[in-house]
Amino acid sequence: MRRLILAAILSVLALPAAAERIVGCRADHGPVIAAAWREAEARVDAAIRFLNANPDHPHVREWFGTTPAPAIRGVLKISLYRLQHGRRPEVECLSEKACVGGFFATARFQPERIGLCPRFFGPEGQVDRRFGILLHEVTHLAAGTQDRAYGPRASRELARRNPSAAATNADNFEYFVELLPDAAAPPPATSKQPR
Ligand SMILES: [Zn+2]
(Lines give C-alpha, C1' and ligand atoms only; values in the text may rest on other atoms or scores of the structure.)
Protein backbone atom coordinates (compact mmCIF):
# COMPACT_ATOMS: atom_id res chain seq x y z
CA MET A 1 0.00 0.00 0.00
CA ARG A 2 2.70 2.40 1.02
CA ARG A 3 4.59 1.55 -2.13
CA LEU A 4 1.46 2.19 -4.20
CA ILE A 5 0.91 5.58 -2.59
CA LEU A 6 4.55 6.47 -3.21
CA ALA A 7 4.21 5.47 -6.86
CA ALA A 8 1.07 7.60 -7.17
CA ILE A 9 2.86 10.61 -5.64
CA LEU A 10 5.85 10.14 -7.93
CA SER A 11 3.65 9.96 -11.03
CA VAL A 12 1.93 13.23 -10.06
CA LEU A 13 5.29 14.90 -9.42
CA ALA A 14 6.46 13.70 -12.82
CA LEU A 15 3.52 15.31 -14.64
CA PRO A 16 4.82 18.89 -15.08
CA ALA A 17 7.87 17.71 -17.01
CA ALA A 18 5.61 16.23 -19.66
CA ALA A 19 3.87 19.60 -20.03
CA GLU A 20 7.00 21.17 -21.48
CA ARG A 21 6.42 20.92 -25.19
CA ILE A 22 8.57 21.79 -28.18
CA VAL A 23 6.84 22.00 -31.57
CA GLY A 24 8.33 21.97 -35.06
CA CYS A 25 11.98 22.14 -33.98
CA ARG A 26 14.94 20.17 -35.32
CA ALA A 27 16.10 17.36 -33.03
CA ASP A 28 19.42 19.13 -32.37
CA HIS A 29 17.59 22.29 -31.29
CA GLY A 30 16.08 20.53 -28.26
CA PRO A 31 19.24 20.55 -26.11
CA VAL A 32 20.01 24.15 -27.18
CA ILE A 33 16.58 25.30 -26.02
CA ALA A 34 16.83 23.30 -22.79
CA ALA A 35 20.23 24.85 -22.00
CA ALA A 36 18.84 28.35 -22.67
CA TRP A 37 15.92 27.73 -20.27
CA ARG A 38 18.30 26.56 -17.55
CA GLU A 39 20.60 29.52 -18.06
CA ALA A 40 17.68 31.97 -18.01
CA GLU A 41 16.49 30.51 -14.71
CA ALA A 42 19.96 30.72 -13.12
CA ARG A 43 20.64 34.24 -14.42
CA VAL A 44 17.32 35.68 -13.28
CA ASP A 45 17.86 34.11 -9.87
CA ALA A 46 21.29 35.82 -9.74
CA ALA A 47 19.74 39.11 -10.90
CA ILE A 48 17.16 39.03 -8.08
CA ARG A 49 19.93 38.39 -5.54
CA PHE A 50 21.93 41.26 -7.02
CA LEU A 51 18.93 43.58 -6.83
CA ASN A 52 18.24 42.60 -3.20
CA ALA A 53 21.85 43.31 -2.23
CA ASN A 54 22.28 46.46 -4.35
CA PRO A 55 18.88 48.16 -4.88
CA ASP A 56 20.49 51.45 -5.92
CA HIS A 57 23.46 50.09 -7.87
CA PRO A 58 24.31 52.11 -11.01
CA HIS A 59 23.42 49.01 -13.07
CA VAL A 60 19.88 49.08 -11.62
CA ARG A 61 19.59 52.79 -12.38
CA GLU A 62 21.03 52.32 -15.88
CA TRP A 63 18.17 50.05 -16.93
CA PHE A 64 15.29 51.25 -14.72
CA GLY A 65 16.06 54.87 -13.86
CA THR A 66 14.42 55.90 -10.59
CA THR A 67 12.03 52.89 -10.47
CA PRO A 68 11.93 51.50 -6.91
CA ALA A 69 13.54 48.06 -6.55
CA PRO A 70 10.31 46.26 -5.46
CA ALA A 71 8.64 47.01 -8.82
CA ILE A 72 11.64 45.57 -10.71
CA ARG A 73 11.84 42.58 -8.39
CA GLY A 74 8.15 41.83 -8.90
CA VAL A 75 8.58 41.34 -12.65
CA LEU A 76 11.75 39.29 -12.18
CA LYS A 77 10.17 37.02 -9.57
CA ILE A 78 7.00 36.30 -11.53
CA SER A 79 9.17 35.63 -14.60
CA LEU A 80 11.50 33.35 -12.63
CA TYR A 81 8.48 31.28 -11.64
CA ARG A 82 7.69 30.67 -15.32
CA LEU A 83 11.32 29.91 -16.17
CA GLN A 84 11.34 26.89 -13.90
CA HIS A 85 11.11 23.34 -15.14
CA GLY A 86 7.50 22.28 -15.59
CA ARG A 87 6.19 25.86 -15.71
CA ARG A 88 7.83 26.96 -18.95
CA PRO A 89 5.60 27.93 -21.86
CA GLU A 90 5.42 25.80 -24.98
CA VAL A 91 8.02 26.58 -27.63
CA GLU A 92 7.59 26.45 -31.39
CA CYS A 93 10.36 26.80 -33.98
CA LEU A 94 9.24 29.23 -36.70
CA SER A 95 10.27 29.43 -40.33
CA GLU A 96 12.26 32.36 -41.75
CA LYS A 97 9.08 33.49 -43.49
CA ALA A 98 7.26 33.82 -40.17
CA CYS A 99 10.10 35.96 -38.80
CA VAL A 100 10.32 38.78 -41.36
CA GLY A 101 11.59 41.94 -39.67
CA GLY A 102 14.67 40.45 -38.04
CA PHE A 103 12.94 38.98 -34.98
CA PHE A 104 14.59 36.51 -32.62
CA ALA A 105 11.35 35.26 -31.13
CA THR A 106 7.67 35.98 -30.58
CA ALA A 107 5.22 35.47 -27.72
CA ARG A 108 1.59 34.45 -28.19
CA PHE A 109 -1.01 34.31 -25.45
CA GLN A 110 -3.76 31.97 -26.70
CA PRO A 111 -2.57 29.34 -26.72
CA GLU A 112 0.43 30.52 -24.72
CA ARG A 113 3.49 29.82 -26.82
CA ILE A 114 6.94 31.26 -27.54
CA GLY A 115 7.96 31.18 -31.20
CA LEU A 116 11.68 30.90 -31.93
CA CYS A 117 13.04 32.33 -35.18
CA PRO A 118 16.02 30.80 -37.03
CA ARG A 119 18.10 33.76 -35.78
CA PHE A 120 17.62 32.52 -32.19
CA PHE A 121 19.93 29.60 -33.02
CA GLY A 122 22.65 31.76 -34.62
CA PRO A 123 25.94 32.89 -33.05
CA GLU A 124 25.56 34.72 -29.73
CA GLY A 125 26.92 38.16 -28.90
CA GLN A 126 27.10 40.08 -25.62
CA VAL A 127 23.38 40.85 -25.73
CA ASP A 128 20.38 39.14 -27.30
CA ARG A 129 21.69 35.86 -25.98
CA ARG A 130 19.44 32.82 -26.18
CA PHE A 131 18.68 32.87 -22.45
CA GLY A 132 17.98 36.61 -22.64
CA ILE A 133 15.57 36.17 -25.54
CA LEU A 134 13.63 33.53 -23.61
CA LEU A 135 13.53 35.85 -20.59
CA HIS A 136 12.29 38.73 -22.80
CA GLU A 137 9.39 36.63 -24.09
CA VAL A 138 8.58 35.21 -20.65
CA THR A 139 8.30 38.73 -19.20
CA HIS A 140 5.59 39.39 -21.84
CA LEU A 141 3.66 36.25 -20.87
CA ALA A 142 4.21 36.29 -17.11
CA ALA A 143 4.29 40.01 -16.31
CA GLY A 144 2.57 41.64 -19.28
CA THR A 145 5.62 43.68 -20.30
CA GLN A 146 5.54 45.70 -23.53
CA ASP A 147 7.92 46.46 -26.39
CA ARG A 148 8.18 50.22 -25.91
CA ALA A 149 11.86 50.33 -26.88
CA TYR A 150 14.08 47.79 -28.65
CA GLY A 151 17.83 47.45 -28.32
CA PRO A 152 20.31 48.57 -25.62
CA ARG A 153 20.55 52.22 -26.65
CA ALA A 154 16.79 52.87 -26.85
CA SER A 155 16.17 50.89 -23.66
CA ARG A 156 18.80 52.90 -21.71
CA GLU A 157 17.27 56.09 -23.03
CA LEU A 158 13.80 54.91 -21.94
CA ALA A 159 15.15 54.32 -18.41
CA ARG A 160 16.40 57.92 -18.28
CA ARG A 161 13.38 59.51 -19.89
CA ASN A 162 10.53 57.41 -18.49
CA PRO A 163 11.54 55.04 -15.63
CA SER A 164 8.07 53.60 -15.11
CA ALA A 165 7.86 52.71 -18.83
CA ALA A 166 11.31 51.07 -18.61
CA ALA A 167 10.02 48.98 -15.70
CA THR A 168 7.37 47.51 -18.02
CA ASN A 169 9.61 47.14 -21.11
CA ALA A 170 10.79 43.63 -21.94
CA ASP A 171 14.19 44.62 -23.33
CA ASN A 172 15.10 46.55 -20.15
CA PHE A 173 14.72 43.34 -18.15
CA GLU A 174 16.61 41.36 -20.77
CA TYR A 175 19.62 43.71 -20.74
CA PHE A 176 19.54 44.16 -16.97
CA VAL A 177 20.00 40.40 -16.61
CA GLU A 178 22.30 39.82 -19.61
CA LEU A 179 24.70 42.59 -18.60
CA LEU A 180 24.59 42.00 -14.84
CA PRO A 181 27.95 43.08 -13.36
CA ASP A 182 30.38 40.35 -12.36
CA ALA A 183 29.89 41.29 -8.70
CA ALA A 184 26.62 39.36 -8.84
CA ALA A 185 28.28 36.19 -10.08
CA PRO A 186 28.62 33.39 -7.53
CA PRO A 187 31.98 33.53 -5.72
CA PRO A 188 34.72 31.50 -7.42
CA ALA A 189 35.34 27.98 -6.11
CA THR A 190 38.84 28.83 -4.96
CA SER A 191 39.26 31.89 -2.79
CA LYS A 192 42.57 33.42 -1.89
CA GLN A 193 43.34 33.78 1.79
CA PRO A 194 44.35 37.29 2.88
CA ARG A 195 48.06 37.42 3.70
ZN1 LIG B 1 9.02 41.64 -27.08
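For ligands, and for the atoms within them, numbers begin at 1 and follow the listed sequence. The first residue of the sequence shown is numbered 1, and numbering continues consecutively from there. Only a predicted model underlies this, so the values are computations on that prediction, with no experimental measurement involved.
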| remark: Among the N/O/S atoms of H136, the Zn ion (ligand 1) lies closest to NE2
| task | Could you pull out the atom name of the N/O/S atom in H140 that is nearest the Zn ion (ligand 1)? | result | NE2
| Between N169 and A149, is there a donor-acceptor pair closer than 3.5 Å when you use the side chain of the first and the backbone of the second? | yes
| remark: Heavy atoms of T168 and F173 approach each other most closely as N-CE1, 4.3 Å
| message | Under 2.8 Å from the Zn ion (ligand 1) - does any N, O or S atom of D147 fall there? | response | yes
| task | Mark yes or no for whether E124, through its side chain, and R130, through its backbone, hold a donor-acceptor pair below 3.5 Å. | result | yes
| query | Does a side-chain N-to-carboxylate-O contact under 4.0 Å join R113 and E92? | reply | yes
